[in-house]
Structure formats: C-alpha cells, structure tokens
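Below, each value reflects all heavy atoms present in this structure, side chains not excepted, and no hydrogens, waters or symmetry copies.
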Amino acid sequence: PELAGDWLAKNPHNRKLRDLRVRRYAADMVAGKWKSNAETIKFDLQGNLLDGQHRLAAIIFANTPIEMLVAKNVDPAVFDTIDTGATRLIGDALYIAHEGNAPALGTALGFIWRYRNGGAFARIPGLQTPKIQELEETLKQEPNIRQYIHLGASLARKLNLGAGLASALVYILSEIDEDYATLFWESLISGADMKESNPIWRLRERLMAQKVKLNANEIAGLCFKAWNLCREGKTTQILSWRASKEAMPVPV
C-alpha cells in the first residue's frame with residue numbers, strides 16, 4: 001500500500017478515479033478474490049504513471065499488498081491506446097473455459113445472480129452489475145444450470161423470449177420440482193389440450209402476443225404467478241403482474 005501511494009502520486013495526466021471501481025477492486029482484494037493476470041502497471045520514460053491508477057488506489061483503500069507486473073519505460077505516445085479494448089464478458093470467459101452454449105449460459109448466470117441477490121431479473125436501482133468473478137462463483141454454486149440451457153433455448157424460440165432468461169427460469173422452477181416443471185414448460189410450448197382459464201394458457205397468450213416487449217421482471221413475474229396458480233390447482237381469466245404494485249412472486 002505504501003508503494004502504491006508513491007506510484008499513484010506519479011500520475012499527472014491520467015483519468016479521474018472512479019470511486020465505485022476502486023471500491024469493487026478493493027473488496028475483491030480484501031476477500032482474497034483478486035486475480036492478478038498479465039495486465040501491468042505502466043510507467044513512461046520519465047517515471048510517470050500511464051496505467052494502473054484504479055488498481056493502485058484499490059490497494060491503498062484495501063490496505064492489502066497485491067503482486068502485480070510492472071512495465072517501465074513505456075513510450076508515452078501509446079497512452080491513447082491503453083485500456084481501450086472491448087470489455088471481456090462472462091460469455092468470453094466461459095468460452096475460453098470450453099463451456100457449451102457460452103453466451104446463453106453467461107446471460108442465464110447474470111439473471112440467476114440478480115435474482116439470488118436482489119429478487120429481480122432486470123437491473124434495479126441499488127443492485128450492482130455482477131462481476132465476472134461473481135458469475136463464475138455462481139456457476140460453481142449452481143452447476144446444474146448447464147443442463148437447462150438447451151431447453152431454455154427451445155423455449156425462447158417458441159415464445160419470443162431471450163435464451164438466457166428462459167434458461168434461468170427453467171432452472172429455477174426445476175430446482176423446486178423437476179417433474180412438474182417439465183410438464184409446465186412442455187405445456188407452455190405446445191399449448192395443446194388446455195382451456196382458456198388454464199394459467200399456462202394465459203401465460204402462453206401473454207408471451208406470444210407481446211405488443212409491447214415485456215422486460216425480464218415482467219416475464220418472470222408472470223411465469224412465477226402462473227406456476228403458483230397451477231400448483232394450487234386454480235384457474236384464472238386474466239394473468240397479470242405489475243412491478244409497481246406487486247412484489248416478485250415466490251415460486252412454490
């Protein structure tokens with residue numbers, strides 16, 4: 001931390017520090033979750049800091065020593081090319097790890113993380129976007145999600161849903177009752193031999209006739225509501241869920 005402070009003082013031309021990023025880095029460092037990769041702390045020919053201010057600030061904030069590679073005598077003319085690459089997504093990390101259906105799996109993990117940590121599927125105020133490390137940890141804790149990606153993709157094609165969201169919903173309900181969930185989703189896809197008062201029929205009607213595209217919370221709320229009605233043996237003439245007036249239903 002002391003060395004980080006000395007180096008951070010040699011920072012005449014860098015970007016303004018983003019406090020949230022510093023705190024997130026520091027939290028990982030304190031928790032022992034920080035992963036040092038080949039990314040370097042960079043200094044120019046005069047010893048001025050070119051790259052690494054957020055990592056150095058996080059080390060100071062965490063008051064924790066962290067090993068990092070250091071590159072010295074970097075030509076200052078390359079400053080405008082530093083840290084301009086595309087942000088790595090969880091799907092990229094899963095692909096590198098040879099996971100099948102990496103994009104859909106990565107998206108599904110994001111929905112599951114938000115649901116487990118905030119009770120919602122769409123981004124909501126106060127709930128941070130999960131980091132790659134958090135999504136990787138989610139996969140370790142809930143490895144069975146892998147086996148539901150194919151069914152989620154099939155459901156998505158039939159009902160105008162995103163594959164990641166569909167996979168997350170299939171997984172969550174299957175963890176409650178796999179046999180019942182299989183019947184629920186198969187009935188939702190086929191729509192065969194159902195009365196109009198069947199909650200699954202009403203759900204299918206809502207999903208397939210989206211005049212205004214529903215967000216992830218609305219879709220999940222409708223799915224969970226229909227699921228609970230079916231589990232209770234109830235019928236309905238209208239299936240609705242409004243985030244402004246109702247909490248996210250808890251599937252049982």
Fill in: side chain to side chain donor-acceptor pair (under 3.5 Å) between Lys195 and Ser197, intermediate numbers included
CA-CA 5 Å; Lys195 296 180 179 179; Ser197 58; over 6 Å; no

Worksheet item: Do you know which two heavy atoms are closest between Arg206 and Leu214, and how far apart they sit?
Response: NH2-CD2, 4.0 Å

Practice prompt. Rounded to the nearest 0.5 Å, what's the gap from CG on Leu239 to SG on Cys223? Could you check?
Written response: 9.0 Å

Fill in: Working for salt bridge (charged side-chain N to carboxylate O under 4.0 Å, His left out), residues Glu134 and Lys33
CA-CA 10 Å; Glu134 290 171 324; Lys33 296 181 179 179; over 6 Å; no

Worksheet item: Taking all atoms of both residues into account, what is the closest heavy-atom pair of Pro249 and Gly221, and its distance?
Response: CG-O, 3.6 Å

Worksheet item: Can you list the steps and then say if Arg116 with Glu142 is a side chain to side chain contact (heavy atoms under 4.5 Å, CB included)?
Response: CA-CA 11 Å; Arg116 301 296 192 212; Glu142 310 200 45; 2.9 Å; yes

Discussion item. Is any side-chain heavy atom of Ile238 closer than 4.5 Å to one of Arg202?
Written reply: no

Discussion item. Testing Leu155, Val170, Leu105 one by one against Tyr148 for a side chain to side chain contact (heavy atoms under 4.5 Å, CB included), which residue passes?
Written reply: Val170

Response to the item:
Between Asn228 and Pro251 the two heavy atoms that sit nearest each other are OD1-CA, 3.3 Å

Fill in: Distance, nearest 0.5 Å, that separates CD1 of Ile132 from CD1 of Ile90
5.5 Å

Item to complete: Test Tyr171 against Gln147 for side chain to side chain donor-acceptor pair (under 3.5 Å), laying out the working first.
Response: CA-CA 8 Å; Tyr171 167 71; Gln147 70 190 64; over 6 Å; no

Discussion item. In the structure I gave you, are the side-chain heavy atoms of Lys72 and Lys42 within less than 4.5 Å of one another anywhere?
Written reply: no

Practice prompt. Check whether more than 12 heavy atoms from other residues, nucleotides or ligands sit under 6.0 Å from atom CG of Asp193, and answer yes or no.
Written response: no

Practice prompt. Would you sort out whether Thr236 and Lys225 count as a side chain to side chain contact (heavy atoms under 4.5 Å, CB included), showing the intermediate values?
Written response: CA-CA 11 Å; Thr236 184; Lys225 202 166 188 178; over 6 Å; no

Item to complete: Could you list the residues that satisfy ring-ring contact (aromatic ring centres under 6.0 Å, His included) with Trp7, not counting sequence neighbours?
Response: Phe43

Item to complete: Carefully, step by step, assess Ile145 and Ile112 under the rule side chain to side chain contact (heavy atoms under 4.5 Å, CB included).
Response: CA-CA 9 Å; Ile145 177 60; Ile112 292 169; 3.7 Å; yes

Discussion item. Tell me whether Asp51 is salt-bridged to Arg55, with the criterion being a basic N under 4.0 Å from an acidic carboxylate O.
Written reply: yes

Practice prompt. Please tell me if the side chains of Ile219 and Leu207 come closer than 4.5 Å, counting only heavy atoms from C-beta onward.
Written response: yes

Worksheet item: Any idea which heavy atoms bring Phe121 and Ala216 closest together, and the distance?
Response: CB-CB, 3.8 Å

Worksheet entry | Residue pair Arg231 / Ile176, side-chain heavy-atom distance below 4.5 Å | yes

Discussion item. Below 30° counts as parallel, above 60° as perpendicular, anything between as tilted: where do the rings of His54 and Tyr25 land?
Written reply: perpendicular

Practice prompt. Report yes if the side chains of Leu165 and Thr107 come closer than 4.5 Å at any heavy-atom pair, otherwise no.
Written response: no

Fill in: Close side-chain approach of Cys230 and Ile200, heavy atoms under 4.5 Å
yes

Practice prompt. Treat each ILVMFWY residue as a node, draw an edge where side-chain heavy atoms are under 4.5 Å apart, and state whether Ile59 and Val30 are in one component.
Written response: no

Item to complete: Determine whether Leu49 and Leu8 make a side-chain contact, defined as any pair of heavy atoms from C-beta on separated by less than 4.5 Å.
Response: yes

Practice prompt. For the pair Asp28 and Lys131, find out whether any cationic side-chain nitrogen is under 4.0 Å from an anionic carboxylate oxygen.
Written response: yes

Item to complete: State yes or no: do Leu69 and Met29 share one hydrophobic cluster built from I, L, V, M, F, W and Y residues joined by side-chain heavy-atom distances below 4.5 Å, directly or via other members?
Response: no

Worksheet item: Would Leu169 and Phe224 count as a side chain to side chain contact (heavy atoms under 4.5 Å, CB included) if you check the C-alpha gap in whole Å, the side-chain angles of each, and the deciding distance to 0.1 Å?
Response: CA-CA 9 Å; Leu169 294 174; Phe224 290 167; 3.9 Å; yes

Discussion item. Would you say that more than 12 heavy atoms from the other residues, nucleotides or ligands in this model lie under 6.0 Å from the CH2 of Trp241, or not?
Written reply: yes

Worksheet item: Do you know the tightest heavy-atom contact between Pro130 and Arg24?
Response: C-NH2, 4.1 Å

Worksheet item: So, do Val74 and Leu45 sit near enough that their side-chain heavy atoms are less than 4.5 Å apart?
Response: no

Worksheet item: Rounded to the nearest 0.5 Å, how far apart are CG of Leu56 and CG of Leu3?
Response: 8.0 Å

Response to the item:
Rounded to the nearest 0.5 Å, the CG atom of Leu94 sits from the CZ atom of Arg146 at a distance of 8.5 Å

Item to complete: Could you tell me whether Glu218 and Lys213 have a side-chain N and a carboxylate O separated by less than 4.0 Å?
Response: no

Worksheet, complete the sentence: Nearest heavy-atom contact between Leu188 and Arg204 is O-NH1, 2.8 Å

